[in-house]
Amino acid sequence: MKYVPTFLERGARVIDLSSDFRFKKAADYEGVYGLRHTASQLLDQTVSGITEFFRKEIASAHLVANAGCYVIASVLGIIPLLKTDLVDPDALIHICAINGTTGAGSSLKKDLHHAYAFGSMLPYNLNGHRHRLEIEQRLNELSGKNPTVDLTTIHGNFARGIIIIATIPLSKSMIQKMGRQDLCAIYNHFYKNGKKKEHFIQINDAPSTAKESNAKEYDIYPSLARVVGSNFCHIGFDYEKERNVVKVVSVIDNLVKGAAGSAIQNMNVMLGIKEQEGLLTYGL
Ligand SMILES: NC(=O)c1ccc[n+]([C@@H]2O[C@H](COP(=O)([O-])OP(=O)(O)OC[C@H]3O[C@@H](n4cnc5c(N)ncnc54)[C@H](OP(=O)(O)O)[C@@H]3O)[C@@H](O)[C@H]2O)c1
């Protein structure tokens with residue numbers, strides 16, 4: 001927010017990776033980040049940088065605010081279901097999110113040293129994570145519903161990648177009527193984007209062939225390793241009929257789809273060039 005007004009005055013178009021322009025109201029930013037907003041006059045014209053949902057607005061935007069990494073993984077994973085009338089309108093959505101240690105940035109912290117973090121897991125900010133309100137606001141804006149989110153954040157013992165698991169309660173009328181195949185149909189249809197499939201979204205729709213409950217079919221859910229180094233988001237799910245909840249798994253690389261990759265994708269849209277330019281191969 002210190003530099004962006006100058007860049008815009010000089011005619012540059014800006015894609016901001018920080019949190020400064022992610023909220024529509026300065027008061028929300030000040031409440032969550034504890035800092036005074038010094039460029040709040042720009043909030044109205046800022047476009048959210050989740051490309052799959054704001055592509056048209058991004059194309060002509062001068063200021064794009066890329067969403068937080070947990071926000072991108074959560075919103076891409078939850079919105080297709082939340083936009084249906086299957087979800088309990090008073091839903092409390094639990095999101096358990098595990099991020100690599102790069103999610104903490106590169107400044108030195110003892111707890112993140114290899115000797116401490118390797119072979120361990122590090123829960124943090126359980127008193128309220130900064131991305132929680134941003135997730136709620138994007139879900140509300142994109143679905144018209146008002147879900148409450150409970151976000152639990154953990155650093156895993158790996159450098160890159162985010163896996164979120166969202167537990168979404170369905171309305172009572174759905175009890176036991178849902179199945180994994182129905183979810184596959186909802187998500188595949190949603191990300192077709194007219195006739196063209198969203199390039200960076202992959203739905204893990206492998207059918208379950210389990211003959212018994214509790215069979216360990218690991219491959220029907222997304223794997224973190226498959227997206228690390230890429231701009232892809234892989235999404236999978238299942239329905240737990242005893243609890244009438246859908247569990248959505250969404251995985252991204254926090255530094256690519258969660259940050260720089262999304263920024264490149266947005267830049268491509270802003271420049272009117274092929275959206276996948278520079279993002280077609282895995283970077284690692
Ligand atoms: N890490 C993630 O997963 C992630 C995901 C999405 C968005 N983001 C956002 O992306 C931004 C960067 O996060 P990060 O994790 O990459 O943090 P980081 O590892 O701390 O990197 C910040 C970088 O910015 C440079 N820098 C700081 N002040 C500068 C200045 N005044 N002029 C020029 N360079 C300056 C630093 O340079 P020095 O090293 O020389 O100090 C450093 O290279 C943050 O706003 C963060 O919220 C991060």
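- In this structure a side-chain-to-backbone donor-acceptor pair under 3.5 Å is present from Lys197 to Ile201.
- At least one donor-acceptor pair under 3.5 Å links the side chain of Asn268 to the backbone N or O of Glu275.
- Side-chain N or O atoms of Ser143 include none that pairs as donor or acceptor with a backbone N or O of Ile79 at under 3.5 Å.
- For Asn266 and Thr51, the side-chain atoms include at least one donor-acceptor pair closer than 3.5 Å.
- Applying the ring pair (Phe, Tyr, Trp, His ring centres under 6.0 Å) test to pairs two or more places apart or on separate chains, those with a residue in residues 57-100 are Tyr70-His129, Tyr70-His131.
- With 3.5 Å as the limit, one finds a donor-acceptor pair spanning the side chains of Asn231 and Gln265.
- Donor-acceptor pairing under 3.5 Å is lacking for the side chains of Asp16 and Asn66.
- Within the hydrophobic cluster formed by Ile, Leu, Val, Met, Phe, Trp and Tyr side chains joined at under 4.5 Å, directly or through other members, Leu42 is accompanied by Met1, Tyr3, Val4, Phe7, Leu8, Val14, Phe21, Phe23, Tyr29, Val32, Tyr33, Leu35, Leu43, Leu63, Leu133.
- A donor-acceptor contact shorter than 3.5 Å is absent between the side chain of Glu134 and the backbone of Arg22.
- Ion pairing between a basic and an acidic side chain is recognised when a charged N comes within 4.0 Å of a carboxylate O; Arg55 and Glu198 show such pairing.
- At a threshold of 4.0 Å, the pair Lys145-Glu136 does not count as salt-bridged, since none of the basic side-chain nitrogens sits closer than that to a carboxylate oxygen.
- When the options Asn254, Thr101, Asp253, Asn99 are evaluated for a side-chain hydrogen bond (donor to acceptor under 3.5 Å, both in side chains) with Arg160, the one that passes is Asp253.
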